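All values derive from a computational prediction rather than experimental measurement.
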Amino acid sequence: MEATPLLTPYKMGEFNLAHRVVLAPVTRCRSYENLAQPHNTLYYQQRAAPGVLLIAEASAVSETATGYPRVPGLWSDDQVEAWKPVVDAVHAKGALFFCQLWHTGRNDHSPTTGTAEFDDGAPPRLETDEIPQMVTDFRVAARNAIRAGFDGVEIHAANGLLVNQFWWFLDIGRVDSSQPLRLDRHTTDGLSDGSSSSSLENRCRRLAADVVAAVVDEVGAHRVGVRLSPFAGGDTDSTDAAEARALHLVRSMDRFGVLYCHVVEPRTRANGKKPAIPHRLSPFREAFRGTFIVNGGYDREEGDRAVSRGYADLVSYGRLFLANPDLPERFRKKAELNRYDRSTFYTSDPVVGYTDYPFLGQETQVA
């Protein structure tokens with residue numbers, strides 16, 4: 001088949017990729033007792049192939065960082081050992097494997113409802129003296145990921161989770177701890193610790209840079225990526241100030257020499273039609289000299305355009321790669337895609353909606 005931009009080889013630092021299609025990190029809630037399981041091995045092995053970059057679902061950096069039920073962790077030796085057979089299986093297929101690291105912060109998902117609601121059961125307000133330990137937790141988890149055999153790590157600084165909360169939300173020293181507070185509102189809301197607004201804002205922004213610096217120091221910038229979502233709630237109505245803060249962080253990452261920057265497009269509402277991708281990431285692309293990965297609503301055609309126009313080096317796919325374990329091959333052959341089943345995204349079943357999506361030539365998946 002004729003090669004398309006999305007399916008051309010790419011060199012990411014010291015890693016040689018067969019094409020530009022990346023498995024995005026997608027939380028699946030199937031790692032019982034916070035340990036990777038044999039069915040996790042099968043899931044990633046199905047999607048592995050020579051020269052493919054896979055980014056594993058987020059692993060919690062500490063016992064208090066999980067936020068979701070049945071997510072893997074990397075804070076203990078047992079978790080390192082549990083990840084090893086998964087990594088070995090992926091490497092045996094010739095793929096590259098990075099592990100996303102996260103702390104969910106106040107974004108607490110109820111094990112019973114699976115919803116992201118800030119309620120009476122949410123974690124308590126974070127105190128400033130807890131911040132150094134959280135930075136250390138990311139450092140240790142990154143070290144553990146390399147011990148488990150991963151090729152590198154991705155810091156999750158997106159989607160309203162801890163690192164994102166500190167440069168998007170003001171989440172320390174607040175009177176009302178029940179709701180997140182936008183940084184651009186901090187001058188009109190009360191602060192309980194007596195800090196000036198400017199120093200508090202700087203401290204919030206600095207957490208992201210401190211986490212990146214610690215992880216880079218631990219495993220090397222050539223093994224580190226960062227995932228960002230620069231837009232408020234994923235929507236297109238992000239403020240100029242918010243985008244400027246994100247751009248500042250991207251420039252900091254560039255100075256650290258981080259391997260890649262993985263950025264989520266703002267969401268658009270389709271109104272029954274295929275949503276158009278806003279393509280709002282050009283300023284971040286221009287500010288970062290490493291590998292630039294885009295995510296959010298891409299299909300094969302949009303991925304081709306992004307690469308051919310230099311808008312991105314790589315394109316990551318979550319739901320499409322979930323439902324199509326052989327997604328790059330389907331793109332190559334322009335084959336029909338399996339439909340994903342939203343109702344099984346976060347169930348705990350080790351097979352249904354997880355490892356049972358068919359490959360090309362197998363029976364068509366019924367949505």
Side-chain angles (χ1 to χ4, degrees), residues 6 20-28 53-58 67-68 98-105 107 109 116 153-169 180 182 208 211-212 224-240 242-254 258-270 274-288 290-299 302-303 305-307 311-322 327 340 342 345:
L6 189 60
R20 317 300 182 99
V21 181
V22 178
L23 173 66
V26 180
T27 297
R28 302 311 315 279
L53 173 60
L54 309 182
I55 307 174
E57 62 204 275
Y68 292 69
F98 272 55
C99 185
Q100 189 181 71
L101 304 177
W102 73 353
H103 189 305
T104 58
N107 195 354
H109 286 62
V153 297
E154 176 180 287
I155 299 167
H156 198 338
N159 304 113
L161 304 175
L162 179 75
V163 177
N164 185 212
Q165 287 167 16
F166 268 77
W167 59 266
W168 187 269
F169 299 119
R182 289 275 293 278
V211 167
V212 174
V224 178
V226 181
R227 181 173 167 99
L228 303 172
S229 55
F231 302 93
D235 295 321
T236 55
D237 58 352
S238 176
T239 66
D240 290 342
E243 292 184 47
R245 285 193 294 274
L247 190 58
H248 176 78
L249 180 56
V250 170
R251 289 172 177 148
S252 296
M253 290 161 47
D254 189 67
V258 166
L259 177 64
Y260 71 76
C261 182
H262 186 183
V263 191
V264 183
E265 295 274 5
R267 296 191 186 101
T268 57
R269 291 168 176 80
K274 177 183 174 181
I277 296 176
H279 297 117
R280 294 272 297 276
L281 305 183
S282 293
F284 307 99
R285 164 65 154 165
E286 294 167 3
F288 188 74
T291 294
F292 195 75
I293 308 175
V294 296
N295 172 267
Y298 282 86
D299 56 15
E302 286 286 359
R305 279 192 283 271
V307 172
Y311 182 74
D313 298 306
L314 309 175
V315 182
S316 73
Y317 296 85
R319 291 167 292 183
L320 292 186
F321 221 145
L322 158 66
L327 183 66
Y340 50 81
R342 289 181 181 273
F345 278 1

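Looking at Phe284 and Leu228, their side chains never come closer than 4.5 Å, going by heavy atoms from C-beta outward. Residues Leu320 and Tyr298 are not in side-chain contact: their nearest non-hydrogen atoms beyond the backbone lie 4.5 Å or more apart. Residues Phe345 and Val26 are not in side-chain contact: their nearest non-hydrogen atoms beyond the backbone lie 4.5 Å or more apart. Contact of the Val294 side chain with the Val315 side chain is registered, since non-hydrogen atoms from C-beta on lie closer than 4.5 Å. Side-chain contact between Val211 and His103: absent, with no pair of heavy atoms (C-beta onward) separated by less than 4.5 Å. Annotation: side chain of Val250 is in contact with side chain of Cys261 (closest heavy-atom distance under 4.5 Å). Proximity of Asn295 to Arg227: side-chain heavy atoms (C-beta onward) are separated by under 4.5 Å at one or more points.
Here the closest heavy-atom approach between residue Pro25 and residue Ala56 is recorded as CB-O, 3.4 Å. The two atoms that bring Arg20 and Asp313 nearest to each other are NH1-O, 3.0 Å, heavy atoms only.
Remark: Phe292 CZ to Leu314 CG distance equals 11.0 Å, nearest 0.5 Å. Phe98 contributes atom CZ, which lies 6.5 Å from atom CG of Leu53 (distance to the nearest 0.5 angstrom). Between the CG atom of Leu23 and the CG atom of Leu54 there is a distance of 5.0 Å, given to the nearest 0.5 Å. The CZ atom of Arg342 sits 11.0 Å away from atom CG of Leu322, with the distance rounded to the nearest 0.5 Å. Rounding to the nearest 0.5 angstrom, the gap separating the CD atom in Gln100 from the OG1 atom in Thr27 is 7.0 Å. Ile277 CD1 to Tyr311 OH: the interatomic distance, rounded to the nearest 0.5 Å, is 8.0 Å.
Surrounding CZ of Arg285 are more than 12 heavy atoms belonging to other residues, nucleotides or ligands, all under 6.0 Å away.
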Report task. Start with the C-alpha distance between His262 and Ile55, add both sets of side-chain angles, then the distance that settles side-chain contact (heavy atoms from CB on, under 4.5 Å), and finish with yes or no. Result -> CA-CA 11 Å; His262 186 183; Ile55 307 174; 3.9 Å; yes
